[in-house]
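Read the structure below first, then the notes.
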Amino acid sequence: MELRCLIVDDSPHFLSAARGLLEREGMHVVAVASNGDEAVRLARELGPDVTLVDIDLGKESGFDVVRRLTGETKLAPATVILVSTHAEEDYADRISASPVAGFLPKTRLSVPAIRTVLGLTA
């Protein structure tokens, strides 16, 4: 089953690289967003199967964006994954308290890793 993905990150370079990587691996990236307002709008319009949200969105906190996504749209917490260049241990308490399926380091980003976090077979 092909997953439909929304990527939320303030880095144009990461958005481009992540989109390219995930699409090469068979995921359909329906859109990318660089801030919370855009992410909420796109999530409402497109209803992605999975949404990747960077923890550090410049002026915004990815944790706040996740709460907006799960509170203001129909996205289920089990479909949202936090990503970061920082180690999971740096944010472990906040990640576990967030309405998300889990966390992936950006360096391990791949379709099989996403499917694992979502509890789907790789």
Side-chain angles (χ1 to χ4, degrees):
M1 171 181 117
E2 181 181 74
L3 293 173
R4 299 171 62 256
C5 180
L6 168 63
I7 306 171
V8 184
D9 198 293
D10 64 325
S11 165
H13 175 73
F14 178 77
L15 289 172
S16 176
R19 175 180 228 151
L21 168 77
L22 296 176
E23 288 181 342
R24 280 191 303 278
E25 293 183 357
M27 184 171 280
H28 178 62
V29 177
V30 295
V32 297
S34 59
N35 61 60
D37 290 340
E38 191 176 17
V40 169
R41 180 182 60 78
L42 289 167
R44 279 187 184 133
E45 289 175 11
L46 303 170
D49 300 314
V50 61
T51 302
L52 307 176
V53 180
D54 186 23
I55 285 177
D56 182 7
L57 289 170
K59 296 178 183 177
E60 293 179 279
S61 162
F63 294 102
D64 292 338
V65 172
V66 163
R67 281 190 284 284
R68 287 186 62 199
L69 285 168
T70 58
E72 298 175 27
T73 74
K74 294 181 181 181
L75 293 185
T79 67
V80 180
I81 299 173
L82 285 162
V83 297
S84 182
T85 57
H86 299 282
E88 183 173 6
E89 298 78 35
D90 294 346
Y91 295 98
D93 291 341
R94 293 188 71 192
I95 292 168
S96 65
S98 295
V100 296
F103 171 84
L104 270 176
K106 288 183 177 181
T107 56
R108 290 192 33 234
L109 187 63
S110 69
V111 171
I114 290 169
R115 293 179 69 79
T116 297
V117 172
L118 295 177
L120 305 172
T121 57

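This is a predicted model, so every value here is computed, not measured. For the numbers below, each heavy atom of this structure counts, side chains included, while hydrogens, waters and symmetry mates do not.
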key: Cluster check Ile114, Val100: I/L/V/M/F/W/Y, side chain < 4.5 angstrom   = no
query = How long is the gap from CG on Asp9 to CG on Leu57, to the nearest 0.5 Å?
reply = 6.5 Å
query = Between Leu118 and Ala101, which heavy-atom pair has the shortest distance, and what is it?
reply = CD2-CB, 4.2 Å
inquiry  = How long is the straight-line distance from CG of Leu52 back to NZ of Lys106, given to the nearest 0.5 Å?
reply    = 10.0 Å
query = Is the side chain of Ser98 donor-acceptor paired with the backbone N or O of Arg94 at a distance under 3.5 Å, no angle test?
reply = yes
query = Closest heavy-atom contact between Leu42 and Ala33?
reply = CD1-CB, 3.9 Å
query = Would you call Asp10-Lys59 a salt bridge at under 4.0 Å N-O?
reply = no
task = Establish whether Val80 and Phe103 are linked, either directly or via other cluster members, by ILVMFWY side-chain heavy-atom contacts under 4.5 Å.
result = yes
ask   = Checking side chain to side chain contact (heavy atoms under 4.5 Å, CB included) for the pair Leu15/Arg19: CA distance, chi angles, key distance, verdict?
value = CA-CA 6 Å; Leu15 289 172; Arg19 175 180 228 151; over 6 Å; no
task = Carefully, step by step, assess Val53 and Phe63 under the rule side chain to side chain contact (heavy atoms under 4.5 Å, CB included).
result = CA-CA 8 Å; Val53 180; Phe63 294 102; over 6 Å; no
ask   = Is the CZ atom of Arg108 crowded by more than 12 outside heavy atoms at less than 6.0 Å?
value = no
message = Applying side chain to side chain contact (heavy atoms under 4.5 Å, CB included) to Leu22 and Ile7, what does each step give before you reach the verdict?
response = CA-CA 10 Å; Leu22 296 176; Ile7 306 171; 4.1 Å; yes
query = Of the non-hydrogen atoms in Val117 and Leu104, which two are nearest, and what is the gap between them?
reply = CG2-CG, 3.9 Å
message = Parallel, tilted or perpendicular: which one describes the rings of Tyr91 and His86, with boundaries at 30° and 60°?
response = perpendicular
ask   = Do side-chain atoms of Thr73 reach the backbone of Thr70 as a donor and acceptor pair under 3.5 angstrom?
value = no
request  = Could you tell me the separation between the CD1 atom of Ile55 and the OG atom of Ser61, rounded to the nearest 0.5 Å?
outcome  = 8.5 Å
remark   = Smallest heavy-atom separation, Ala43 atom then Leu69 atom, equals CB-CD2, 3.7 Å
ask   = According to a 4.5 Å side-chain heavy-atom criterion applied to Ile, Leu, Val, Met, Phe, Trp and Tyr, with indirect links allowed, do Met27 and Leu6 form part of one hydrophobic cluster?
value = no
message = My understanding is that only one of Asp54, Thr85, Leu109 makes a side-chain contact (heavy atoms from CB on, under 4.5 Å) with Phe14; could you say which?
response = Leu109
ask   = Is the backbone N or O of Val40 less than 3.5 Å from a side-chain atom of Arg68, with the two atoms forming a donor-acceptor pair by type?
value = no
ask   = How many angstroms lie between atom CD of Glu2 and atom CD of Glu23, to the nearest 0.5 angstrom?
value = 9.0 Å
message = I'd like to know if the side chain of Arg24 reaches the main chain of Gly20, judged simply by a donor and an acceptor atom lying under 3.5 Å from each other, with no hydrogens or angles considered.
response = yes
key: Heavy-atom pair of closest approach, residues Cys5 and Pro48   = C-CB, 4.2 Å
message = Ignoring hydrogens, what is the shortest heavy-atom contact between Glu38 and Val32? Give both atom names and the distance.
response = OE2-O, 4.0 Å
task = Decide yes or no for Asp56 and Ser84: does some side-chain heavy atom of the first lie under 4.5 Å from some side-chain heavy atom of the second?
result = no
task = Verify side chain to side chain contact (heavy atoms under 4.5 Å, CB included) between Val111 and Leu3, making sure each step is shown before the conclusion.
result = CA-CA 9 Å; Val111 171; Leu3 293 173; 5.5 Å; no
query = Does Val83 belong to the same Ile/Leu/Val/Met/Phe/Trp/Tyr cluster as Val29, with side-chain heavy atoms less than 4.5 Å apart forming each link?
reply = yes
